[in-house]
Amino acid sequence: MAQHGFPGGLQLPDWKHWSDDAPLRTLPVPPELVIPLDQPNGRSRLLLEPGDPVMRGQIIAEPGEGWASPVFATSSGRLAAVEWRLTAHPDGQRVRCAILHCDGHDTPLDSPAAALPHPLSLHPAELRRRIRDAGISGLGGAAFPTAEKLDAAADQGIHTLIINAIGCEPCITCDDRLLRERAPETLAGAAVLARASGATRIIVAIEEDRKAAIAGVQSAMATAHDVAVTLQTVPVRYPSGGERQLIRNLTGREVPSGALPIDIGFLVQNAGTAAAAWQTLRDGGPLLERIMSVTGPNLPQAGNVRVRFGTPMLWILGHLGIAWQGKRMVQGGPMMGSLIQDPRCPVTAASNCLLLADDALLGNSAVERPCIRCGECARVCPVRLLPQQLHWFARDDDRDSLRQHGLMDCIECGACAVVCPSHIPLVQQYREAKAGLIAADIEQDRARRARARFEAREARLQQRAEEQQQRRAEKREALKAAQQDDADSHKDPRKAAIEAALARTRHKRSKDAGSTDR
Amino acid sequence: MSFRPAPHLRPRNDVPNLMRRVLLALVPGTAIMVWLFGGGVLLNILLCSATALATEAAMQRLRGRPVAPALNDHSALLAGVLLALCLPPLLPWWMPVLGTAFALALGKHVYGGLGFNPFNPAMLGYAFLLISFPAQMVLWPAPELATPGLLQAIAFSGGALEIDMISGATPLDRLKTGLGQGETIIGLQAERALFSLHPDLRWPLINGLFLLGGLYLLQRDYIRWQIPLGVLLGLATPALLFWLIDPQRFADPLFHLFAGGAMLGAFFIATDPVSAATTTRGRLYYGLGIGILVWVIRTWGGYPDGVAFAVLLMNLAAPLLDRLCRPRIQGHS
């Protein structure tokens with residue numbers, strides 16, 4: 001199929017051979033599970049008390065604020081405590097985690113969601129509900145609740161589902177391994193996601209050097225039945241797996257700035273997510289595990305493992321007999337992954353890879369020098385930004401220029417920082433500048449609202465003052481008229497006073513009635 | 001464990017390496033200049049390099065910045081060497097020193113050091129010397145006369161020695177003065193043919209070797225093609241046009257491409273990223289502008305070669321070019 005390409009990009013070292021040979025292994029359940037209650041895009045409400053017993057697959061927290069998935073116990077035992085723990089999330093903050101002490105029996109919940117031998121027979125809305133209830137989130141790294149994306153896609157109407165099996169980052173092989181061993185499940189999952197989202201066409205995208213995975217998909221396509229699937233291979237170039245880059249590469253279409261792929265009729269889902277959707281719907285019960293690459297140079301134990309959510313990285317390393325001391329640990333790839341600060345942090349939906357390496361591979365401790373405007377960053381930028389200019393604007397905190405030069409379109413792929421001969425931490429700088437822009441927007445909005453409130457109050461006060469003045473004027477008029485009458489007709493002064501009082505009361509009543517009406 | 005955001009991959013290149021490669025690429029052209037013009041070239045390089053490093057160190061110190069990283073990035077050294085290669089080899093020693101000190105102090109550090117200078121420091125130093133000492137700056141020695149003893153005599157005479165008698169004009173000088181006196185290209189070429197083959201081939205040879213070094217930098221991605229190609233096209237296109245119109249009055253494009261500082265300018269001087277345009281398209285226009293200005297100055301200007309002024313003028317235009325040549329961001333219309 002024709003390639004449309006995408007701008008920029010660069011060749012990175014591959015390093016997939018470290019982990020792509022070994023077959024999938026299933027890790028046992030650890031004695032302690034650490035399950036984050038707060039997710040990258042939302043928070044959830046705990047439904048149990050510490051000390052409560054839990055079963056495998058039992059819901060322990062339901063979605064609260066933001067976009068959250070329900071949280072499940074991934075094995076049986078006891079909810080020991082709720083603690084603030086460090087996870088591998090890039091913001092480096094502690095999150096609330098449920099600490100489960102496992103009993104080792106891995107007893108399933110009595111009444112899990114019913115197994116579905118033929119998920120495709122369900123109505124799309126019912127499929128989406130089941131996917132939501134199963135707690136499925138994107139397994140590509142962002143961990144966004146899948147049902148939210150599917151709902152939005154179904155609402156908006158899309159035509160194409162793209163199954164993203166591109167591991168464009170070095171080191172990560174979980175999707176490669178998945179397609180080698182479980183291509184039929186992945187395609188079946190793709191069909192489920194397509195039905196749930198209303199897509200009529202499925203494209204599976206793989207990097208062209210992943211021969212075994214391509215063969216796996218091809219044979220699965222040969223035996224597959226009712227779905228219109230096409231397989232498209234793309235050249236190996238970072239960041240070809242980025243959502244926008246992938247759509248551009250496969251179809252030549254650009255997702256407009258500030259819009260989402262569904263706005264132009266595409267839904268992109270990770271291959272692991274598709275397989276997970278199929279397995280959980282077919283077998284019933286929620287999503288409890290994922291496939292994670294454990295890799296690094298000179299690591300004989302490297303490979304891909306099926307591991308329960310909440311398993312501490314430290315336990316995995318111990319179980320596999322990996323010496324981690326003195327090495328850097330990264331969750332995800334070396335380009336966009338996050339440095340693990342606490343090795344006890346748990347596996348989550350976002351944990352596609354655990355990378356261990358020393359400074360020779362992952363060090364960027366070299367001195368930072370001034371930008372020499374060599375422009376290499378602009379050459380590799382897949383969004384066609386001018387990182388060298390953004391760098392200057394960010395230094396000057398020149399927000400207008402940052403906006404004009406498209407800072408908010410930056411996908412933080414890190415290509416610019418890797419080619420920078422001055423070793424400037426560009427991505428970090430852009431992230432901070434973005435936060436600054438967003439904060440400025442919020443501040444501006446707040447100021448605008450405060451001003452509107454102030455102006456409304458001023459207007460109200462003024463109106464009240466005018467009304468009062470008018471009332472006084474009327475009163476004076478009435479009094480004057482009464483005195484005039486008095487003088488003219490030589491009436492009884494007592495009668496005149498009574499009449500005046502009555503007039504005042506009438507006037508006041510009508511006023512009051514008017515104001516309560518308002 | 002320290003917290004550090006992505007990417008974690010070690011950067012693949014660094015500024016000192018970039019500068020070292022450019023210095024390396026200068027070697028063939030420099031070697032042939034030493035061979036053709038004698039030790040004066042080397043002496044200039046020595047004087048300019050030493051002055052450049054000393055000035056860099058002094059300025060960093062004055063500005064309260066660490067000295068070692070600035071010296072280690074080799075940018076000062078490169079600026080010194082580039083300026084030295086533009087200077088005629090028979091100058092009193094204090095001229096290269098003065099020019100280099102000017103280039104580094106007023107061309108680079110007053111703006112904030114590496115990365116902040118709007119002008120190419122080497123060319124600023126050259127222009128300063130050319131304007132201050134026009135007579136000495138255009139005299140290139142006849143090679144057979146440039147003996148080591150004489151060089152010392154001139155270099156350390158403080159500029160008092162009359163040097164007209166031992167220097168020969170470059171082809172660009174001859175062209176300029178000859179055409180100024182109403183001679184024709186053919187006549188000049190006939191006269192040139194009377195010389196030994198040697199002096200005539202000097203500048204093409206030097207330019208050829210700088211071209212070679214430039215191609216090495218291109219091939220290794222240390223520089224990108226937009227600026228050099230722009231310069232060469234900008235120089236050759238008007239030259240070709242006017243030569244086709246009147247070959248009696250205008251030199252042919254090949255002569256222009258291989259004369260004076262054309263190749264050194266196109267591949268080593270105009271490509272200084274700090275003072276050049278930084279957008280891809282902007283760089284092409286930047287190069288074209290330099291090429292055209294070089295041709296204009298050579299043809300109608302007051303100086304025989306115009307690389308320095310062309311580069312400085314285009315330095316001024318670089319920010320504007322970058323504004324006009326912003327690429328369309330993905331997802332924007």
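Labels below follow one simple rule: chain letters A, B, ... track the order of the sequence lines, proteins then strands, and each chain is numbered from 1. All heavy atoms count here, side chains included; hydrogens, waters and symmetry mates do not.
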_Approximate separation, where rounding is to 0.5 Å, of A/Cys374 SG and B/Asn13 CG_ = 8.0 Å
*Between B/Arg328 and A/Glu254, does at least one N-O distance fall below 4.0 Å, as a salt bridge requires?*
yes
*Spacing of CZ belonging to A/Arg373 relative to CZ belonging to B/Arg283, to within rounding of 0.5 Å*: 8.5 Å
*Which region of A/Pro425, side chain (C-beta onward) or backbone (N, CA, C, O), has a non-hydrogen atom less than 4.5 Å from a non-hydrogen atom of chain B, or is it both or neither?*
neither
*Best-contacting candidate, B/Asp272, B/Asp73, B/Val274, against chain A by heavy atom pairs under 4.5 angstrom*: B/Val274
*asked:* Do B/Ile329 and A/Gln404 have side chains that approach each other closer than 4.5 Å (heavy atoms only, starting at C-beta)?
replied: no
*Within-4.5 Å side-chain heavy-atom neighbours: A/Met336 and B/Pro7*: no
*asked:* Is any side-chain heavy atom of B/Leu18 closer than 4.5 Å to one of A/Ile372?
replied: yes
_Counting only non-hydrogen atoms closer than 4.5 Å, does A/Leu10 touch chain B with its backbone (N, CA, C, O), its side chain (CB onward), both, or neither?_
side chain
_With heavy-atom distances below 4.5 Å as the criterion, would you say the side chains of A/Glu376 and B/Arg224 are in contact?_
yes
_Gap between atom CG of B/Leu114 and atom SG of A/Cys371 - 0.5 Å precision_ = 9.0 Å
*Contact check, side chains of A/Arg369 and B/Pro16, non-hydrogen atoms, under 4.5 Å*: yes
*Shortest non-hydrogen contact between B/Phe116 and A/Pro370, atoms and distance*: CE1-CB, 4.1 Å
*asked:* Let's test your reading of the structure: which of A/Val383, A/Leu385, A/Val255 forms the most heavy-atom pairs below 4.5 Å with chain B?
replied: A/Val383
*asked:* Could you tell me if the side chain of A/Val419 sits less than 4.5 Å from the side chain of B/Pro11, heavy atoms only?
replied: no
_Contacting moiety of A/Arg253, where chain B heavy atoms sit under 4.5 Å_ = neither
*In terms of heavy-atom contacts, does OH of A/Tyr238 have more than 12 from other residues, nucleotides or ligands at under 6.0 Å?*
yes
*asked:* Taking A/Asp409's backbone N and O only, do any of them form a donor-acceptor pair with B/His332's side chain (distance below 3.5 Å, no angle check)?
replied: no
*Where on A/Gln245 is there a heavy atom nearer than 4.5 Å to chain B: the side chain, the backbone, both, or neither?*
neither
*Just give me the residue among B/Thr278, B/Thr279, B/Asp14 that pairs up with chain A most often, heavy atom to heavy atom, under 4.5 Å.*
B/Thr278
*Around atom CZ of B/Arg63, are there more than 12 heavy atoms of other residues, nucleotides or ligands at under 6.0 Å?*
yes
*Can you find a pair of side-chain heavy atoms, one from A/His405 and one from B/Arg326, that are under 4.5 Å apart?*
yes
*asked:* Do A/Arg244 and B/Gln330 make a side-chain contact, defined as non-hydrogen atoms from C-beta onward lying under 4.5 Å apart?
replied: no
*Answer yes or no: is there a donor N or O on one side and an acceptor on the other, between the side chain of B/His8 and the main chain of A/Met335, under 3.5 Å?*
no
_Taking every non-hydrogen pair under 4.5 Å, which of A/Gly375, A/Ser257, A/Gly414 racks up the most with chain B?_
A/Ser257
*Heavy-atom proximity to chain B below 4.5 Å, by part of A/Leu12*: both
*Decide if atom CG of A/Asp396 counts as having more than 12 heavy atoms of other residues, nucleotides or ligands within a radius under 6.0 Å.*
yes
*Does anything in residues 308-324 of chain B get under 4.5 Å of chain A by heavy atoms, and if so which residues?*
B/Asp322
*asked:* Evaluate B/Leu9 against A/Glu169 for side-chain contact (heavy atoms from CB on, under 4.5 Å), listing each step before the verdict.
replied: CA-CA 11 Å; B/Leu9 203 61; A/Glu169 281 226 39; over 6 Å; no
